[in-house]
Amino acid sequence: MLDLKLVRQNPQAVADQLAKRHFDFDVDGFLSLDEARKQADIESQNLLAERKQASKKIGELVKGGMPIDEAKASVNATLAKIEEQLSELTSKAKAAQETLDDLMAGIPNIPHPDVPEGKDEADNLEILRWGEPKSFDFEVKDHVDVGENLGGLDFDVAAKLTGSRFSVMRGEIARMHRALIQFMLNTHIGQHDYTEVYVPYMVNKDSLRGTGQLPKFEEDLFKLEGDQEYYLIPTAEVPVTNLLRDTIVEAADMEKGLRFVCHTPCFRSEAGSYGRDTRGMIRQHQFEKVELVQLVKPADSEAALEALTGHAEAILQQLELPYRKVLLCGGDIGFSSRKTYDLEVWLPAQNQYREISSCSNFGDFQARRMLARWRNPETNKPEYLHTLNGSALAVGRTLVAILENYQQADGSVVVPEVLKPYMQCDVIK
RNA sequence: GGAGGGGUGGCAGAGUGGUUGAAUGCACCGGUCUUGAAAACCGGCGUGGGUUAACGCCCACCCAGGGUUCAAAUCCCUGCCCCUCCGCCA
C-alpha cells in the first residue's frame with residue numbers, strides 16, 4: 001500500500017513513477033474519489049458531532065433530575081434530523097472509504113530510481129556473472145533424463161498420485177534434495193546470522209493481504225475448502241513477514257534488524273502458465289524453498305538488500321554453480337517490490353540462465369499494509385519498518401542445476417563438495 | 001466434540017448505559033533536588049482520519065461484524081482468538 005498522503009500531495013508524480021511499471025494510475029479518478037470520500041466523511045462527522053452534543057445534553061438534564069422523556073423532548077428537533085440522516089450519511093461515507101481503499105490496495109509499489117526502464121525480462125539489467133559454464137565433451141542431458149536414468153526422479157508416478165506439475169524423488173536424489181535444505185539452513189544460520197523459524201503452511205486472508213498477494217493475485221493461490229478461509233502458502237514470505245503484523249518493535253530490538261530464515265514447501269496454482277516449462281521440475285505446484293526475510297529500519301533497507309542478495313549468492317558460490325545477477329526492469333518487477341535482484345543459474349541443457357532466486361526490498365509497502373512498525377527513538381513515534389525477502393534458494397531448481405551441471409558422460413552425477421557431509425556417497429549413479 | 005471463564009492503552013489492571021479515550025500501577029520522556037546516580041516529588045505520555053499558517057478543534061477506535069438506545073467499553077446476537085475441565089487423538 002502506498003502512503004495515501006503522498007499520493008494525495010503529488011498524484012501526478014506517483015503516476016509518473018508508476019508508469020515505469022506500465023501501470024496506468026488514473027489521477028483524475030483518484031482525486032475525485034478522494035474528494036467524494038472527504039465530503040461524505042465531513043458530512044457524517046458533522047452529524048455525529050451533533051448527535052454527541054444532543055446526547056450529552058440529555059445526559060445532563062437527566063442527571064439534573066428531569067424525566068427522560070421530557071429531556072428528549074427538549075432537544076427533539078435535533079434528534080429528528082439526526083434520526084433521518086445519520087444511517088444514510090454514515091453508510092455513504094463508509095462506501096466511499098471502501099472504494100478508495102480498494103483502489104489503493106490495487107496500486108503497486110513505486111519502483112526505486114535504480115530500477116531500469118523496460119517491458120519484460122529481456123530488458124532486465126545484468127549486474128554480474130559468476131563462474132564459468134562448464135564445457136562438456138559429451139551431449140548434455142536435461143535434469144529429467146539425468147534423474148530418470150538414475151531412477152531418482154519420477155514425474156509419471158507423481159501424475160498418477162496427483163496430476164501434472166508434481167514430482168516424486170527416490171534414493172540419493174531425494175536425499176540430495178533434503179541435503180540442500182539442510183545445507184542452506186545451516187549456512188544462513190551459522191554464517192549469515194539468521195534466526196530459523198518454523199511456521200504454518202496455511203494462512204488466512206489477512207496475512208496474504210499484508211504481503212500483497214491479495215486482493216489482486218488470488219488466482220495464483222490454492223484455497224482450501226472448509227469453514228475457514230485458509231490458503232496454502234505460495235512462499236514462506238507470507239507467514240514469516242506477517243510474524244510482525246500489528247506489532248510495534250522497540251528500538252533496542254531493531255539495532256541489528258530482524259532476520260529470519262525459514263524452510264517451507266510452497267504451493268502455486270501456476271494459473272496462466274499452462275504452456276511454460278511443462279517438462280521437469282522447473283515449474284511445479286509444490287516445491288521447497290529456503291527463504292530469507294528481513295525487517296529493518298528504513299535507513300538500513302538498501303544496504304540490507306545488497307547483503308541479503310549476497311547471502312543467496314553465497315549458496316550458489318559454495319555449490320559452485322555458475323550464475324548471473326540481474327536487476328529487474330520496471331515491467332518485470334513484482335507488485336509489492338521496490339527493487340528486485342534475480343539470481344539466474346546456468347542450466348547447460350537449456351543453454352541459458354534460469355531464475356533460482358528473487359531478492360526484493362519492499363520498502364514500507366508491506367509494512368503499511370501489515371502495520372509492522374518500530375518505535376523511532378528520535379520521534380518516539382511508531383514508524384513503518386522496511387521489509388525484504390529473498391529465496392536462498394529455491395530447492396527444486398537448485399537440484400535441477402546440480403543434476404545438469406554435475407552430470408558425467410556415464411549418466412552419473414558428482415556430489416558437490418559442500419553437500420558431501422550430508423550424503424553417503426560422492427557420486428550418484 | 002461437551003461444559004465453563006475471558007479478550008480494555010507498551011505491559012499489568014479498574015471500569016456493567018450518560019461530559020469515560022478510558023481510574024490506578026509499571027515502563028518510557030521532561031523537570032525539581034543531587035558532585036553524579038538512585039529515591040522522592042511535579043509534569044507529560046495511545047492509534048487512525050479530518051480541519052488549521054499555527055495553538056487548537058472535530059470524528060472514530062476498549063478483539064471483529066451486526067443490533068437495541070437520544071446515548072454502548074458497559075446490554076443483545078454472530079464470528080474469531082485465548083484459558084480451565086472432560087472426551088478423542090499424531
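Naming convention: chains lettered A, B, ... in sequence-line order (proteins, then strands); numbering from 1 in each chain.
- RNA chain B is contacted by both A:Val62 and A:Leu4; A:Val62 maps to the nucleotide lying nearer its 5′ end (nearest heavy atom per residue).
- Whole-Å rounding puts the A:Arg375 CZ to B:rA27 P distance at 16 Å.
- In this structure a side-chain-to-backbone donor-acceptor pair under 3.5 Å is present from A:His22 to A:Gly118.
- Rounded to a whole angstrom, the distance from the C1' atom of B:rG10 to that of B:rC62 is 16 Å.
- Between the C1' atoms of B:rG7 and B:rC89, the separation comes to 28 Å (whole Å).
- In this structure, A:Arg368 reaches neither bases nor backbone, as no heavy-atom distance under 4.0 Å exists between it and the strands shown.
- Under the 3.5 Å distance criterion, the side-chain polar atoms of A:Asn405 are matched with a main-chain donor or acceptor of A:Ala401.
- Place A:Leu48 and A:Asp41 on RNA chain B by their nearest nucleotides, and A:Asp41 ends up nearer the 5' end.
- Distance, A:Met370 CE to B:rG48 P: 16 Å, rounded to whole Å.
- B:rU52 and B:rC33 are spaced 41 Å apart, taking the C1' atom of each and rounding to whole Å.
- Nucleotide B:rA3 forms a Watson-Crick or G-U wobble pair with B:rU84, both donor-acceptor distances falling under 3.5 Å.
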Show me the donor-acceptor pairs within less than 3.5 Å that the side chains of residues 288-296 of chain A make with the rest of the protein, sequence neighbours left out.
unit_1   : atom_1 : unit_2   : atom_2 : d
A:Glu288 : OE1    : A:His263 : NE2    : 2.6
A:Lys289 : NZ     : A:Thr235 : OG1    : 2.9
A:Lys289 : NZ     : A:Glu291 : OE1    : 2.6
A:Gln294 : NE2    : A:Tyr194 : OH     : 2.9

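- Across B:rA54 and B:rG44, the matching P atoms stand 24 Å from one another, rounded to whole Å.
- Rounded to whole angstrom, the span from the CG atom of A:Leu371 across to the C1' atom of B:rC61 amounts to 13 Å.
- The side chain of A:Lys72 approaches B:rU69 more closely than any other nucleotide in the set B:rU69, B:rU51, B:rG65.
- A:Phe30 and A:Phe25 have their aromatic ring centers within a separation under 6.0 angstrom.
- Note on A:Lys94: every side-chain N or O is 4.0 Å or more away from OP1 and OP2 of B:rA60.
- Comparing B:rC61 with B:rA3, their P atoms sit 34 Å apart, to the nearest whole Å.
- You'll find that the side chain of A:Ile58 is closest to B:rC70, out of B:rC59, B:rC81, B:rC70.
- Within the 4.0 angstrom heavy-atom criterion, no nucleotide atom of any strand lies near A:Ala54.
- In a base pair of the Watson-Crick type (N1 to N3 plus N6-O4 or O6-N4) or a G-U wobble (N1-O2 and O6-N3), with each distance short of 3.5 Å, B:rC57 is matched with B:rG50.
- Atom CG in A:Leu244 sits roughly 15 Å away from atom C1' in B:rG10 (whole-Å rounding).
- Look at the C1' atom in both B:rA27 and B:rG36: the space between them is 24 Å, to the nearest Å.
- Across the protein-nucleic acid pair, A:Ile42 atom CD1 and B:rC57 atom P stand 19 Å apart, rounded to whole Å.
- The separation of B:rU24 from B:rG49, taken at their C1' atoms, amounts to 30 Å, rounded to a whole angstrom.
- Between the side chain of A:Ser269 and the main chain of A:Glu219, a donor-acceptor pair closer than 3.5 Å is present.
- Set against B:rA71, B:rU47, B:rC58, the side chain of A:Arg373 has B:rU47 as its closest nucleotide.
- Atom pair A:Met1:CE and B:rG48:C1' shows a separation of 13 Å (rounding to whole Å applied).
- With B:rG66, B:rG50, B:rC59 as the candidates, the nucleotide lying closest to the side chain of A:Lys52 is B:rC59.
- Taking 4.0 angstrom as the limit, A:Arg51 places none of its side-chain polar atoms (N or O) nearer than this to OP1 or OP2 of B:rC58.
- Rounded to whole angstrom, the span from the NZ atom of A:Lys56 across to the P atom of B:rG17 amounts to 20 Å.
- Pairing for B:rU19 is absent, with no Watson-Crick or G-U wobble pair whose two atom distances lie under 3.5 Å.
- Atom P of nucleotide B:rU19 and atom CD of A:Gln53 are separated by 13 Å, given to the nearest angstrom.
- Here the nucleotide nearest the side chain of A:Ile68, chosen from B:rG50, B:rC70, B:rC59, is B:rC70.
- Judged by distance alone, the side chain of A:Asp253 and the main-chain N or O of A:Val249 form no donor-acceptor pair under 3.5 Å.
- A:Glu60 contributes no side-chain N or O that forms a donor-acceptor pair with the base of B:rG18 under 3.5 Å.
- Under the Watson-Crick or G-U wobble criterion, with both distances below 3.5 Å, B:rG43 is paired with B:rC29.
- In this structure, A:Ser164 OG and A:Glu270 CD are separated by 10.5 Å, a value rounded to the nearest 0.5 Å.
- Comparing B:rC63 with B:rG21, their P atoms are spaced 15 Å from each other, to the whole Å.
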